[in-house]
Amino acid sequence: MLAPPWIKIPPAGYGGIEWVVHYLSDAMVERGHDVTLFAPGSSVTRARLVSTFPGEMPDRIGQTMYEVKQVASCFAQAAGFDVIHDHSGFAAVPFASLIETPVVHTLHGPFSVDICSFYETFRDSAHLVAISEYQRSCCPGLRYAGTVYNPIDISDWPFRNRDEKEDYLLAFGRLCAEKGFHTAIEVAKRTGNKLIIAGAVQQVYRDYYETVIRPQVDGDQIRFVGEVSLTEKWNLFSKARAFLFPIQWPEPFGLVMIEAMACGTPVLAFPEGSVPEVVSDGVTGFVVSSVEQMIDRLGKIDEIDPGACRQYVRDKFSVARAADGYEKIYADVAGA
Ligand code: UDP
């Protein structure tokens with residue numbers, strides 16, 4: 001299991017890929033597989049940990065040097081593995097054909113024309129896994145081994161019924177325009193609702209935060225709480241009346257939606273990317289196509305049963321289901 005090198009497993013704050021790697025690594029150990037995890041040295045895992053770097057370095061996310069070094073360390077030991085499951089960005093795929101061990105590569109990001117062309121260039125190098133049917137449809141000609149939804153262990157996430165919720169809406173995630181935080185603010189303001197915004201402000205998005213979000217935060221109706229601890233995150237998600245996800249980009253999956261639903265919190269989302277696959281419209285929230293519609297459905301949010309939200313996540317996004325999907329793919333590519 002080859003994780004990105006920048007954030008420990010499991011992550012303390014931001015880190016979608018790292019949660020997926022955490023759940024899968026431990027689930028595979030649980031199922032009796034002999035798992036080696038390449039990840040920062042501060043990671044905690046049931047697998048055998050091999051670390052190229054002693055600690056995590058979230059401030060260096062995206063710096064290729066670290067990723068390439070870790071990939072090289074993993075590939076140098078490739079003969080000792082039946083399958084390598086790679087979660088790196090682009091560092092491993094081009095070189096996967098140079099080793100004999102089959103490489104399964106989960107596509108964690110969105111496709112652009114250039115990214116699609118990159119994977120076409122290395123078409124036969126790795127066995128690709130999409131994280132939503134939508135993502136796969138963006139570049140359909142590649143060699144896919146399957147589609148496996150990202151999982152969540154709902155026992156980690158507290159459930160709160162309608163009468164235990166508090167009177168605020170939640171917007172949570174990487175603080176960037178694509179995730180539509182400014183639209184969440186508009187919805188809150190136009191409906192007179194309180195909104196809590198939580199999330200890390202990464203250096204590349206600082207300008208968006210400073211110029212668009214911060215001037216609208218008044219500490220009362222619109223609150224910004226920054227990057228929160230895991231316990232605070234569980235509280236924020238489970239106590240919210242609704243989770244707003246007015247995204248403006250082709251979301252490849254969107255873990256925050258399943259985190260909200262796991263807590264019994266309905267999701268109101270724009271229909272970009274994977275959203276129609278991840279949210280069951282009218283059952284676990286509403287998929288809406290405009291701010292006006294989001295405002296209208298917010299008035300009907302009590303029609304959504306929190307218990308149905310949690311059940312839906314339990315059925316569709318469980319760790320067992322994802323582990324089944326990957327186990328089959330591992331067996332297929334290893335010729336087992
Ligand atoms: N997250 C977090 N703190 C933050 C921002 C995000 O813990 O400040 C978590 C969030 O709960 C989710 C993951 O990081 O588990 C983000 O994954 P998602 O698929 O929602 O978004 P992306 O990978 O596009 O940032």
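Heads up: numbering here begins at 1 and tracks the sequence. Counting starts at 1 for both ligands and their atoms, following the listed order.
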Rounded distance (nearest 0.5 Å) linking atom [atom1] of [X] with atom [atom2] of [Y]:
X	Y	atom1	atom2	value
Ile196	Glu166	CD1	CD	7.5 Å
His105	Leu142	NE2	CG	10.0 Å
Phe122	Phe90	CZ	CZ	11.0 Å

If you measure only the distance, is there a donor-acceptor pair under 3.5 Å linking the side chains of Thr45 and His22?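 No, no side-chain donor-acceptor pair sits under 3.5 Å.
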Hey, are Gln311 and Arg314 close enough side-chain-wise for a donor-acceptor pair under 3.5 Å?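 Yes, a side-chain donor-acceptor pair sits under 3.5 Å.
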Ligand 1 atoms in contact with Val256 (distance to a heavy atom under 4.0 Å):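 Those qualifying, in numeric order: 10 (C), 11 (O), 20 (O).
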Go through ligand 1 atom by atom and flag the ones less than 4.0 Å from a non-hydrogen atom of Lys233.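 In order of numbering, the contacting atoms are 2 (C), 7 (O), 9 (C), 10 (C), 11 (O), 15 (O).
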Just to confirm my output: which protein heavy-atom neighbour is closest to [atom], and how far is it?
atom	answer
atom 8 (O) of ligand 1	Ala200 N, 2.7 Å
atom 14 (O) of ligand 1	Gly15 N, 3.3 Å
atom 6 (C) of ligand 1	Tyr14 CD1, 3.3 Å
atom 18 (P) of ligand 1	Leu255 N, 3.6 Å

Report yes or no: does a heavy atom of Phe253 sit under 4.0 Å from some atom of ligand 1?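 Phe253: no contact with ligand 1 (<4.0 Å).
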Sequence neighbours excluded, which residues qualify as side-chain hydrogen bond (donor to acceptor under 3.5 Å, both in side chains) partners of Arg310?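 Listed in chain order: nothing, the list is empty.
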Taking distance alone, with no angle check, do Phe172 and ligand 1 share an N/O pair under 3.5 Å?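 No; every N/O pair is 3.5 Å or more apart.
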Are any of the N/O atoms in Arg174 less than 3.5 Å from those in ligand 1?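 Yes; the residue has a nitrogen or oxygen that sits under 3.5 Å from a nitrogen or oxygen of the ligand.
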As a check for students: among Ala198, Ala260, Gly16, Pro11, identify the option with a heavy atom nearest to atom 17 (O) of ligand 1.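 Nearest option to atom 17 (O) of ligand 1, by heavy atoms: Gly16.
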Could you work out, for atom 24 (O) of ligand 1, the closest of Lys179, Glu251, Glu259 by heavy-atom distance?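 Answer by nearest heavy atom: Lys179.
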Residues two or more places apart in sequence or in another chain: which of them pass ring pair (Phe, Tyr, Trp, His ring centres under 6.0 Å) with Phe286?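 Residues passing ring pair (Phe, Tyr, Trp, His ring centres under 6.0 Å) with Phe286: none at all.
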Quick check: Phe317 with Phe253 (ring centres under 6.0 Å apart)?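 Yes: the rings meet the under 6.0 Å criterion.
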Backbone, side chain, both or neither: what part of Met257 comes under 4.0 angstrom of ligand 1, heavy atoms only?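 For Met257, no heavy atom sits under 4.0 Å from ligand 1.
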